[in-house]
Amino acid sequence: MRAIHRLARAKFGRFLQVAERGVPRAVKRAARLRSACQRWGRQRSCSPRMINPTPRLRFAPSPTGPLHLGGARTAMYNWAAARALGGTFLLRIEDTDRARSTDASLQIILTGLRWLGMDWDEGPEQGGAFGPYSQMQRLHLYRAAADELLQKGHAYLCYCTPEEIEAGRKVMEAAKAGFIGYNGRCRNLTAHERAAFEQRGLKPNLRFRMPAARVLKVHDLVRGEVEVNTKELDDFVMLRPDGVPLYNFACVVDDIGMKITHVVRGEEHFLNGIKQRLLFEALGSECPLYAHIPLILNKDGKKLSKRDADTNMLEYRDKGYLPDAVFNYIALLGWGFSGERDLFTRQEMVEVFKLEHIGKSGAKFDEEKLRWMCGEYLRRFSAADCLQNSKPWLTNAVPQAAFTTHPAWLANIIACYQERVAILSEFAPKIGWLFVDLPVLDEAAQQNLGKDQAAKQWLLRYADLLANSNLPPSFPADRTAADVAVSLPTKKAAAVASCAFATPQQIEQECRAFTEQLGVKFGDFVHPVRAALSGTDKGPGLFDIVFLLGKDACIKRLRAAAS
RNA sequence: GUCCCGGUCGUCCAGUCCGGUCUAGGACCCCAGAUUUUCAUUCUGGUAACACGGGUUCGAAUCCCGUCCGGGAUACCA
């Protein structure tokens, strides 16, 4: 008692000290950061021992549709955990739903995973020591396990028809039973009864014999300790009459066969995890560590479904999102690199990733933040890389030949827009004005052109000035010397490049001198000129525009706009 | 219906396990300012949250209970 008192006083005293000092905010923040760092290496709670010395994780998609956001994230967490633990990451195709599985879906899933930058050590197509990796090629394994369970009494044959099962369920519902499931009619069939069913030509399912009212205390890497009573579970079907297994059974047989140590999957599988634990036990194997991660929600807070737009990963690719950004963004849906940082590489993620740090609550997908993130990554590209990456989206805006004849010029154009777009497909509509004969003036441009009565005169005078200047030639003439010498966009502090042609800085100097001579305010002059040259009021600095457009095009546009 | 899980700015992520350094932090969005020839970038600043109610405690975002709300599961889908 006395000790408790002393402890309380000590703690209270510490509080007073702190309060008196009036700790400044910066100090508090530093302390917070420090403690966050210290906590980093620590696990949220003790995890049970691992069952296998080599971590082996799998992503097990069913090829019944495209790779969607949730699946991609599940794959990613499995991948990251495997890499973080120095283990193996493998792919297993759960294609036992023969009505819906297609090879096309499988290809889309594999393409999506590769696009996001995930690699796997074993899987379909490339094989591995634990194959085959498609469940339909493993039927003999399920058969063998089924026989074992049947023999041990953990499973039984069920001759109920779907109609009978449905009827049984209706009865339970009517009786307002708390739990609704299979009623266990075939649980204890005699050999005689079975023979009678067989004689009627009925083909049996194999069902698991669920232990009655047993309380399981399980540990989930994400959820922690959870208790589940088996009376919430029914005798689920393991094997169809034709020998094709159902999810839970196939999953367990394969997780055993493939020596899986950690299972990361959506929380819709939590109860399946319980069934699977029982199955592991019945088969005399230890079960892997489970991590059931919360779902990704749509804007309405519901489970992301196929009906929600753009759940297909490849649509993001096709829209011009960068894989690094999508990877980075998805990782953040349920997991944080740290409280202070949003941007990280795959490698950085692997260095700190822990399954125990995955959050428990569902996350809504926010396309705006993804867009922002994509812009962050896009701005980090060199102009040449950016050009290379955006090429597929440029084909309608840029003449094909230009890619080989004017790479430096195109790179300069792209560079001018790199900080003005976020996704690759956004370049094309913005750079079109450079490739037309004369630009179409939008509303803002027309306004800027008409604002001052004298503007058209300025344009003509400026055209004359440019005619006598040393501007680079206009596309399609060769202007490599200019574009190689000058890297756009022009930054204020940048040194003036040495170039055989006028650089944007020189063009600006001449222009400022010109407006002074003209007696026009620089700002007033710039807007109509920009409108005449580019057809819009937005875009790169005016002198980058003049430089990119080149001599003839500038003159032509200025005179056209003046008439 | 029954079972499980969750609830911190509009959104995502920290902080919760182990109560005081939280006057609750970072990011997106939004707003304002700075820079500037426009837009954008960049920089500075701002708005904005511990679902609610009890309890425990000197002290609760943090521990306990209840309520409400949300999500998931309850297939011869995975």
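Residue numbering restarts at 1 for every chain, and letters A, B, ... go by the order of the sequence lines.
With hydrogens and angles left out, the side-chain atoms of A/Asn248 and A/Gln276 include a donor and acceptor closer than 3.5 Å. Side chains of A/Ser534 and A/Thr536: no donor on one and acceptor on the other come within 3.5 Å. Side-chain contact, A/Arg265 with A/His292: a donor N or O sits under 3.5 Å from an acceptor N or O. Under the 3.5 Å distance criterion, with hydrogens and angles disregarded, a donor-acceptor pair is assigned to the side chains of A/Tyr321 and A/Glu367.
Of the C1' atoms belonging to B/G15 and B/A34, the separation is 33 Å, rounded to the nearest Å. Nucleotides B/G72 and B/U57, compared at atom C1', are 36 Å apart to the nearest Å. When the P atom is used for both B/C43 and B/C28, the distance is 10 Å, rounded to whole Å. B/G66 and B/G6 have their P atoms separated by 14 Å, with the value rounded to a whole Å. Going from the C1' atom of B/A24 to that of B/C5 covers 25 Å, rounded to whole Å. Taking atom P in both B/A61 and B/U16, the straight-line distance is 14 Å, to the nearest Å. Between the C1' atoms of B/C3 and B/C17, the separation comes to 25 Å (whole Å).
B/G26 atom P lies 13 Å from atom NZ of A/Lys369, rounded to whole Å. Atom CG of A/Asn183 is separated from atom C1' of B/A75 by 15 Å (rounded to the nearest Å).
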Please list each protein N or O that sits under 3.5 Å from an N or O in nucleotides 5-9 of chain B, with the distance.
residue, atom, partner, partner atom, Å
B/C5, O4', A/Arg223, NH1, 3.1
B/G6, OP1, A/Lys360, NZ, 2.8

Every protein N/O lying under 3.5 Å from an N/O of nucleotides 43-47 of chain B:
none

Report, one pair per line, the protein and nucleotides 60-69 of chain B atoms (nitrogen or oxygen only) whose separation is under 3.5 Å.
none

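The stretch residues 375-383 of chain A touches RNA chain B through A/Glu376, A/Arg379, each having a heavy atom within less than 4.0 Å of the strand.
Under the Watson-Crick or G-U wobble criterion, with both distances below 3.5 Å, B/G1 is paired with B/U74. Both distances falling under 3.5 Å, in either a Watson-Crick or a G-U wobble arrangement, place B/A51 opposite B/U67. The pairing partner recorded for B/A24 is none, the criterion being a Watson-Crick or G-U wobble arrangement whose two distances lie under 3.5 angstrom. Pair assignment for B/U44 gives B/A32, based on Watson-Crick or G-U wobble hydrogen-bonding distances that are each under 3.5 Å.
For A/Tyr417 and A/Phe427, the gap between ring centers reaches or exceeds 6.0 Å. Ring-centre distance between A/Phe525 and A/Tyr462: below the 6.0 Å cut-off.
A/Asp235 has no carboxylate O lying under 4.0 Å from a charged side-chain N of A/Lys275, or vice versa, which leaves the two without a salt bridge. Between A/Arg512 and A/Glu516 there is no salt bridge, since no side-chain N of the basic residue sits under 4.0 Å from a carboxylate O of the acidic one. Taking 4.0 Å as the cut-off between side-chain N and carboxylate O, A/Arg371 and A/Glu368 do not count as a salt-bridged pair. A/Glu164 has a carboxylate O that lies under 4.0 Å from a charged side-chain N of A/Arg185, or vice versa, which qualifies the two as a salt bridge. Taking 4.0 Å as the cut-off between side-chain N and carboxylate O, A/Lys430 and A/Glu426 do not count as a salt-bridged pair.
The phosphate of B/U37 (OP1 or OP2) has a side-chain N or O of A/Arg512 nearer than 4.0 angstrom. Distances shown here put a side-chain N or O of A/Thr96 below 4.0 Å from the OP1 or OP2 atom of B/A78. A close approach under 4.0 Å does occur between a side-chain nitrogen or oxygen of A/Arg169 and OP1 or OP2 of B/A75. Within the 4.0 Å cut-off from OP1 or OP2 of B/A75, not a single side-chain nitrogen or oxygen of A/Arg207 is found.
For A/Arg92 and A/Phe59, the positive end is not near the middle of the six-membered ring at less than 6.0 Å and at most 45° from its axis. A cation-pi arrangement is not found for A/Arg207 relative to A/Phe236, the charged atom failing to lie both closer than 6.0 Å to the ring centre and inside a 45° cone about the ring normal.
Across B/U36, B/A78, B/U38, the shortest atom-to-atom separation from the side chain of A/Leu246 is found for B/A78. Of the candidates B/U11, B/A27, B/A78, the closest approach to any side-chain atom of A/Asp342 belongs to B/A27.
Here A/Tyr142 pairs with nothing under the ring-ring contact (aromatic ring centres under 6.0 Å, His included) rule; sequence neighbours left out.
Counting only residues at least two apart or on different chains, no side-chain hydrogen bond (donor to acceptor under 3.5 Å, both in side chains) pair has a member in residues 517-530 of chain A.
Using a 4.0 Å heavy-atom distance criterion, A/Gly181 is classed as making no nucleic acid contact.
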